[in-house]
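Written out below as structure tokens is the structure these notes cover.
What you are looking at is a predicted structure, and each value in this text was computed from that prediction instead of being measured.
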Amino acid sequence: MKYIDSKTGYFICDTSADPLRGVNVSAEEVRSALSSYILSASGWRNVFASSKNEEDAGETISDADSVICAAVAKVFYEELGKENAKVLLAVDARPTGRILSYITMRVLCALGADVTYLFISAAPETMAYSHAGFDAFCYISASHNPIGHNGFKFGYDGGVYERSISDRLADALRDCISHDDVTQEMKKLSAAADESVLDRILSHYTQDKAEALSYYRDFVLKTAGVTPSFRADCGIVGELNGSARSLSIDEEFLSSIGCRTHYVNNKAGAVVHAIVPEGENLIPCRDELKKCYDSDHSFILGYCPDNDGDRGNFVYIKESTGESLILEAQEVFALVVAIELADLSYRKTQNLAVAVNCPTSERIDRIAECFGARVFRAEVGEANVVNLAAKLRDEGYVVHILGEGSNGGNITDPAKVRDPLNSIMSVLKLFADENLYRYAVEKLTGEKCEDKPSIEGLINALPVYTTTGAFSKLAKMYVRHTAWAELKKEYEKLFVLQWQNMHFEEEGIVSYEVHQTEGVNEVTGIGEKFRSPAAKGGLKMILLDKDGNHVAYMWLRPSGTESVLRVLVDVKGKKEALHDRLLSWQRSLIDEADKALD
């Protein structure tokens, strides 16, 4: 039977048609195709568009990728180790997601899984609903990557698998496709799917989606720590860029709590600009907010998500001038952390802590100090930060707010994934309570505040830092050598050799210390004894003044989702010249280290 989604008009699948039936590809070709995949704890990703052009918005995938998708579903289900396991399956709004989810569904059903399918669903919505009695979820998405990419995220109870499980799954996948009969094995599995079971799943997906949306709405309120009677008088613009949030609760939810709303580019799958919600990609949202503000001054906030809808960055109205401005990712995270820590501190909560990733700006440390909180760092990767927060809670800390400041957005307990609605709710709580707003500003500035709540006022109270944008063109480098242990060793040697000739004394910088992150651990020290053999963690050179205070840091780490080396510089104060000088030196060190390995 053919299924077409009533809301989008998209063809989902024909349950009488087996997409692997006509597949004809050798095991060697399948193994070659897998070599281009990135298999990390953050998700498994690849360019799935059949043309292998990452900007291709086509729906078709190659025969080799079809076989790999079936193998992914097989090893995922076998990892569960349970008969008739309840699996939640959903996709973001990318065009290749439909065929990938159908192949996945067929294999899961053939293996005996009890599958619930949500079709296009925002990642936070899917992961929240995974709490509702499911053994695991499989979410098909490539998050912020270009439209031709896609991938898989696996997890349970609202969060992705930790690295040990993800690594075990990756090993199982490599083993599965090492078999010379892998194509025939996967074709046999797909053919074994019972059409009547598939029809049952597809005939119920709209009802399942409605239940997921209802569950998610309650979960957002619970996460915000407010009652269902909470109301906010505020205007919000959503520029959704065809993301999965287009089919989530956003507009209905915000309207129901009293907000005026204006949504554009909200047809799921109709992507109108580059996906990552940073920099110039926020200009459409910025301009739309300005239009709304000019006709209705209640409109003060706008947001744009990535394709799966977990990352969302802000634009806001600077009310003193009427300008509509873009907030950088680090500023969005800092804003929300300040609000949530202020709320907890205002209520006399003790033992406060914040869990962040290694390249999160140290403005977070300054904010935390104002509210008596401590900051702990993990390696990049949402799972690492979530696991660090869990570890800290076991040690007696209250970790309500966490996240990857370098990517924007925040994770608010009990959520285990970023969610722009949680960020918005933090801001709305501030507007609903003048006392909380004034308390936050006074703690941050040390000065009396009698102003009415405003985003501009709180932003002005935040510590000022100059930080490389995570998606700046200068924030990533393509290197020839990916033996990360050797590259880092050479980088450290060059850093030490060149340090004395850099003459940072006029900037107050007189010494440095080295921090390295692996998983949930951060250690201080230079050299390979402080990192794992794979050396995939973060390496940070922290620059100090004569009193040992942090002035700036230089950071690098191999990306877990792209074949690049990510770099970042963070400087205390508004010091563009120092930032640019450090970033230039950082890039030259990496370039020299790469050449030294030739």
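- Lys153 forms no cation-pi arrangement with Tyr139, by the criterion of a distance under 6.0 Å to the ring centre and an angle within 45° of the ring axis.
- Residues Glu340 and Ser426 come closest through the heavy atom pair OE2-OG, 2.6 Å.
- Within a 6.0 Å radius of CD in Glu323, more than 12 heavy atoms belonging to other residues, nucleotides or ligands are found.
- Put simply, the side chain of Ser295 gets close to the backbone of Cys292: a donor and an acceptor are under 3.5 Å apart.
- Of the possible donor and acceptor atoms, one in the side chain of Asn313 sits under 3.5 Å from a partner among the backbone N and O of Pro277.
- Atom CG of Leu344 sits about 4.5 Å away from atom OG1 of Thr349, to the nearest 0.5 Å.
- Taking the ring centre of Tyr437 as origin, the terminal cationic atom of Lys443 falls outside the region bounded by 6.0 Å and 45° from the ring axis.
- Going from atom CD1 of Ile257 over to atom CD1 of Ile424 covers 9.0 Å, rounded to the nearest 0.5 Å.
- Using a 3.5 Å distance cut-off with no hydrogens or angles, the side chains of Thr468 and His579 do pair a donor with an acceptor.
- Counted within 6.0 Å of NZ on Lys209, heavy atoms from surrounding residues, nucleotides or ligands total more than 12; the atom is thus considered enclosed.
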Result block: side-chain N/O donor-acceptor pairs under 3.5 angstrom for residues 225-233, not counting sequence neighbours:
| from | atom 1 | to | atom 2 | distance (Å) |
| --- | --- | --- | --- | --- |
| Thr227 | OG1 | Ser229 | N | 3.4 |
| Thr227 | OG1 | Ser229 | OG | 2.8 |
| Arg231 | NH1 | Pro228 | O | 3.3 |
| Asp233 | OD1 | Arg260 | NH1 | 2.7 |
| Asp233 | OD1 | Arg260 | NH2 | 3.3 |

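- Between Leu458 atom CG and Leu462 atom CG the span is 5.0 Å, to the nearest 0.5 Å.
- Looking only at atom types and distance, the side chain of Tyr439 has no donor-acceptor partner in the side chain of Asp343 under 3.5 Å away.
- No donor-acceptor contact under 3.5 angstrom links the side chains of Ser243 and Asn307, judged on distance only.
- Annotation: the span from Leu89 atom CG to Phe119 atom CZ amounts to 11.5 Å, rounded to 0.5 Å.
- Two residues are said to be in side-chain contact when any heavy atoms from C-beta on lie closer than 4.5 Å; Leu565 and Ser559 fail this criterion.
- For the atom pair Ile326 CD1 and Leu282 CG, the distance stands at 5.0 Å (nearest 0.5 Å).
- No side-chain donor from either of Ser141 and Arg45 sits under 3.5 Å from a side-chain acceptor of the other.
- For the residue pair Thr412 / Asn410, a side-chain donor-acceptor distance below 3.5 Å is found, with atom types taken as modelled.
- Of the possible polar contacts, none joining the Asp419 side chain to the Pro124 backbone as a donor-acceptor pair under 3.5 Å is found.
- Of the candidates Lys572, Glu362, Lys574, Arg366, Tyr465 forms a side chain to side chain donor-acceptor pair (under 3.5 Å) with just one, namely Arg366.
- A centroid separation of less than 6.0 Å is found between the aromatic rings of Phe376 and Tyr397.
- Residues Tyr293 and Phe299 keep their aromatic ring centres 6.0 Å or farther apart.
- Judged purely by distance below 3.5 Å, without hydrogens or angles, the side chains of Asn150 and Thr96 pair a donor atom with an acceptor atom.
- Side-chain contact of Thr360 with Ser406: a donor-acceptor pair under 3.5 Å is absent, judged by distance alone.
- The local environment of OH in Tyr161 is crowded, with over 12 non-hydrogen atoms from other residues, nucleotides or ligands closer than 6.0 Å.
- No side-chain heavy atom of Tyr10 sits under 4.5 Å from any side-chain heavy atom of Pro95.
- Between the side chains of Asn357 and Arg377, not a single donor N or O lies within less than 3.5 Å of an accepting N or O.
- Side-chain contact of Glu125 with Ser248: a donor-acceptor pair under 3.5 Å is present, judged by distance alone.
- For Glu379, the side chain to side chain donor-acceptor pair (under 3.5 Å) test picks out Arg163, Arg557, with sequence neighbours left out.
- Using modelled atom types, one finds no donor on one side chain facing an acceptor on the other under 3.5 Å when comparing Thr467 with Gln330.
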Applying side chain to side chain donor-acceptor pair (under 3.5 Å), run through Asp5 and Tyr205 and close with a yes or a no. CA-CA 10 Å; Asp5 180 62; Tyr205 90 89; 2.5 Å; yes

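- Between the side chains of Glu239 and His273, at least one donor N or O sits under 3.5 Å from an acceptor N or O.
- No hydrogens or angles considered: a donor-acceptor pair under 3.5 Å links the side chains of Asp570 and Ser361.
- For Ser324 (side chain) and Arg286 (main-chain N/O), a donor-acceptor pair under 3.5 Å exists by modelled atom type.
- If you check the side chains of Ser101 and Tyr117, you find a donor sitting under 3.5 Å from an acceptor.
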Run the numbers on Arg374 and Glu369 for salt bridge (Lys or Arg N to Asp or Glu O under 4.0 Å), then give the verdict. CA-CA 7 Å; Arg374 293 189 62 187; Glu369 287 172 3; over 6 Å; no

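- The backbone N or O of Gly158 sits less than 3.5 Å from a side-chain atom of Ser130, completing a donor-acceptor pair.
- Tyr129 and Tyr215 have perpendicular rings, their planes meeting at more than 60° on a 0 to 90° scale where under 30° would count as parallel.
- Note that the CG atom of Leu436 and the CZ atom of Arg438 stand 11.5 Å from one another [nearest 0.5 Å].
- Between His550 and His515, the ring planes are perpendicular. Angles over 60° get that label, and only those under 30° would be called parallel.
- The two atoms that bring Ala274 and Asn241 nearest to each other are O-ND2, 3.6 Å, heavy atoms only.
- In this model, no donor atom of one side chain and acceptor atom of the other lie less than 3.5 Å apart for Thr223 and Asn422.
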